[in-house]
Amino acid sequence: MADLLIRNIRPMGGEPADILIRDGRIAEMGVGLEAEGVPVEEGRGHLVIPGLVDAHTHLDKTTWDMDWHANDQVKTLRGRIDYEREQRLEIGIDPARQSMRHALGLIANGATLIRSHVDIDTRHGLAMFEGVAATREALRDHVEIEIVAFPQSGMMERKGTVELLDEALTQGAEVVGGIDPCGFERDPKGALDAIFGLAQKHGKPIDIHLHERGELGAFSMELIFERTRALGMQGKVGISHAFALGAPDWLRTQALIDEIAALDIPIFTTGAPSAEVPAIMRLKEAGIRMGGGCDGIRDTWGPWGLPDMLHRAEVIGMRNGLRCDFELEHALHICSGGAAQAMGRDDYRIETGGAGDLTLLQGQTLSHALVQRLPRPLVVKAGRVTARDGTVIGKDMP
């Protein structure tokens, strides 16, 4: 936690103001603020938003800054998962080094909060968790990293995975993960019983990957709804991807959306160009919390992606066919304060008492800043400057 005075910035693209941060939180906003002994940064009229947030990524997977990985693998979900699990050591994907590279890229581009799904499986045990946890500790003054204990290879066919997830949660993973209860686990009752059981035992929230599409995905969602309601976990269960919400049957998906809104289930989207995706403006109208994420970037699954949440907001915006300024502003919101709120952080707001996690943007308006995607002039985490003009302060790339 630190103190900082930033002069002449435009909160959420509005009128110029100064922001005073004390003990890591916004203490005062106004014009002509003074604070003796407090470091001062000149905002030069730039826009300021809550820190950018990657609410769905995989820090343990990237090949960023490694030799080029030629991708010629089977294009099925199970094929990609099996290849990555069995070949990642041969490829040289060290989870501590590579998660550090990925996280530093996000920080340089304005991120102050990251939710990373980290593989837990019987092939590697807790090695991926331990690598990302080391990065979390090393970067604790630069960014907050929330770890999801993620059974990407499944729990039902790989006995011992549930016990490993239990241990990861005991050692500090913050969220219980899961993957397609029907299409991948092939035992929805067993898989969801295990996921919700771990969440109940450890008092942790849930974030389930749901790639299942159409009626299969709708069925899995309904099973998630049942358990959420029965266990009183409203607001504590999130769904990532949620491709079933992009199905063309409007009435069917509206029934799902209504349940999601009633149970306060946040949705995390990557705007995947190759899949049906939730329509973010439709979910906004329903009052559903949403977060955006860059997912995996440049890994064994594919060569695309950047560690930059403005880039991801652009991908989500284009995938959703957004054109109007208020729509672009919402795409930015779900990669910033909205994503944090979807993760349960209601203080990610530019207001007195809000978190002192801020990102300055270059542009005339928020929409202009999004489409320009210029280097971030200043990034602040809990009142501490962590990056300037695209360069992280105090940490070198490994």
Side-chain angles (χ1 to χ4, degrees), residues 1 24 50-62 64 93-120 126-150 152 165 168-177 202 204-207 209 238 240 266 268 270 291-297 299 305-309 312 335-337 339-345 347-348 355-359 376 379-387 392-398:
M1 301 293 184
L52 290 169
V53 178
D54 190 337
H56 181 105
T57 195
H58 297 267
L59 293 178
D60 60 316
K61 297 179 183 295
T62 187
W64 198 266
I93 303 176
D94 177 89
R97 181 192 66 226
Q98 293 309 116
S99 63
M100 177 67 78
R101 289 174 176 174
H102 188 159
L104 286 173
L106 286 167
I107 296 165
N109 289 315
T112 58
L113 176 62
I114 301 168
R115 173 178 282 189
S116 178
H117 297 256
V118 178
D119 288 6
I120 308 290
L126 298 182
M128 309 308 153
F129 166 76
E130 290 164 352
V132 177
T135 293
R136 176 177 63 182
E137 176 62 21
L139 295 178
R140 64 180 182 175
D141 291 334
H142 286 71
V143 69
E144 184 177 354
I145 298 175
E146 185 178 85
I147 295 178
V148 183
F150 177 46
Q152 177 167 265
L165 294 169
L169 292 161
T170 299
Q171 292 189 23
E174 290 91 350
V175 184
V176 183
H202 291 275
K204 305 288 188 181
I206 292 170
D207 187 344
H209 279 60
S240 284
F268 301 98
T270 66
C294 67
D295 209 3
I297 61 166
D299 54 20
L306 295 171
D308 183 349
M309 290 312 297
R312 184 52 49 172
C335 294
S336 176
Q341 290 151 28
M343 293 168 61
R345 314 299 177 86
D347 61 346
Y348 260 63
D357 292 10
L358 311 175
T359 301
R376 317 305 105 91
V379 185
V380 177
K381 175 65 180 176
R384 181 179 290 104
V385 176
T386 57
V392 177
I393 295 172
K395 292 290 180 180
D396 295 325
M397 188 71 74

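Here the structure is a predicted model, which is why all the values come from computation and not from measurement.
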Under the side chain to side chain contact (heavy atoms under 4.5 Å, CB included) criterion, do I393 and V385 qualify, and how do the steps go? CA-CA 8 Å; I393 295 172; V385 176; 3.5 Å; yes
Show, in sequence, the C-alpha distance, side-chain angles and deciding distance for V53 and M343, and conclude whether the side chain to side chain contact (heavy atoms under 4.5 Å, CB included) test is met. CA-CA 10 Å; V53 178; M343 293 168 61; 3.9 Å; yes
Starting from the C-alpha separation in whole Å, work towards a yes-or-no answer on side chain to side chain contact (heavy atoms under 4.5 Å, CB included) for E130 and V118. CA-CA 10 Å; E130 290 164 352; V118 178; over 6 Å; no
Could you please spell out the steps behind the side chain to side chain contact (heavy atoms under 4.5 Å, CB included) verdict for V176 and L169? CA-CA 8 Å; V176 183; L169 292 161; 3.7 Å; yes
For the pair D357 and R384, evaluate salt bridge (charged side-chain N to carboxylate O under 4.0 Å, His left out) and give the outcome as yes or no after the intermediate values. CA-CA 9 Å; D357 292 10; R384 181 179 290 104; over 6 Å; no
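Between D308 and R376, the closest side-chain pair of non-hydrogen atoms falls below 4.5 Å. Contact check for I297 versus H102: side-chain heavy atoms found under the 4.5 Å cut-off. At a threshold of 4.5 Å between non-hydrogen side-chain atoms, the residues K381 and R140 do not count as touching. Side chains of T112 and E144 form no contact here, defined as non-hydrogen atoms less than 4.5 Å apart.
Nearest heavy-atom pair, F268 versus A55, reported as atom, atom and distance to 0.1 Å: CD2-CB, 3.7 Å. L139 and A103 get closest at one heavy-atom pair: CD1-CB, 3.6 Å. The heavy-atom pair separating A168 from I120 by the smallest distance is CB-CD1, 4.1 Å. Scanning all heavy atoms of the two residues, the minimum distance from C335 to G292 falls at SG-CA, 4.2 Å. Between G305 and W64, the closest heavy-atom pair is O-CZ3, 3.9 Å. The minimum heavy-atom distance between L113 and R345, with the atom names listed, is CD1-NH1, 3.9 Å.
Applying the salt bridge (Lys or Arg N to Asp or Glu O under 4.0 Å) rule to pairs touching residues 101-115 yields R115-E146, R115-D207, sequence neighbours excluded.
Here the side chain of S99 pairs no donor or acceptor atom with the backbone of T135 at under 3.5 angstrom. Not a single donor-acceptor pair under 3.5 Å links the side chain of T62 to the backbone N or O of Q98. Counting only distance, with no hydrogens or angles, the side chain of S336 and the backbone of P50 share a donor-acceptor pair below 3.5 Å. Although no hydrogens or angles enter the test, the distance criterion places no donor-acceptor pair under 3.5 Å between the side chain of T57 and the main chain of D54. Between the side chain of T359 and the backbone N or O of G110 there is at least one donor-acceptor pair closer than 3.5 Å.
Taken from CG in D347 to CD in Q341, the straight-line distance is 9.0 Å, to the nearest 0.5 Å. The CG atom of L106 lies 5.5 Å from the SG atom of C294; values are rounded to the nearest 0.5 Å. Distance check, rounded to the nearest 0.5 Å: NE2 of H142 to CD1 of I114 gives 12.0 Å. The CG atom of D60 sits 5.0 Å away from the CG atom of D119 when rounded to the nearest 0.5 Å. Separation of atoms CE (M128) and CG (L59) is listed at 13.0 Å; rounding is to 0.5 Å. In this structure, the separation between CZ on F129 and CZ on R136 is 5.5 Å, given to the nearest 0.5 Å.
By the 4.0 Å N-to-carboxylate-O rule, R312 lies too far from D295 to be salt-bridged with it. Between D141 and K395, none of the side-chain N atoms (NZ, or NE/NH1/NH2) sits under 4.0 Å from a carboxylate O, so this pair counts as no salt bridge.
Note: H56 and H209 meet the aromatic proximity criterion, with ring centroids under 6.0 Å apart.
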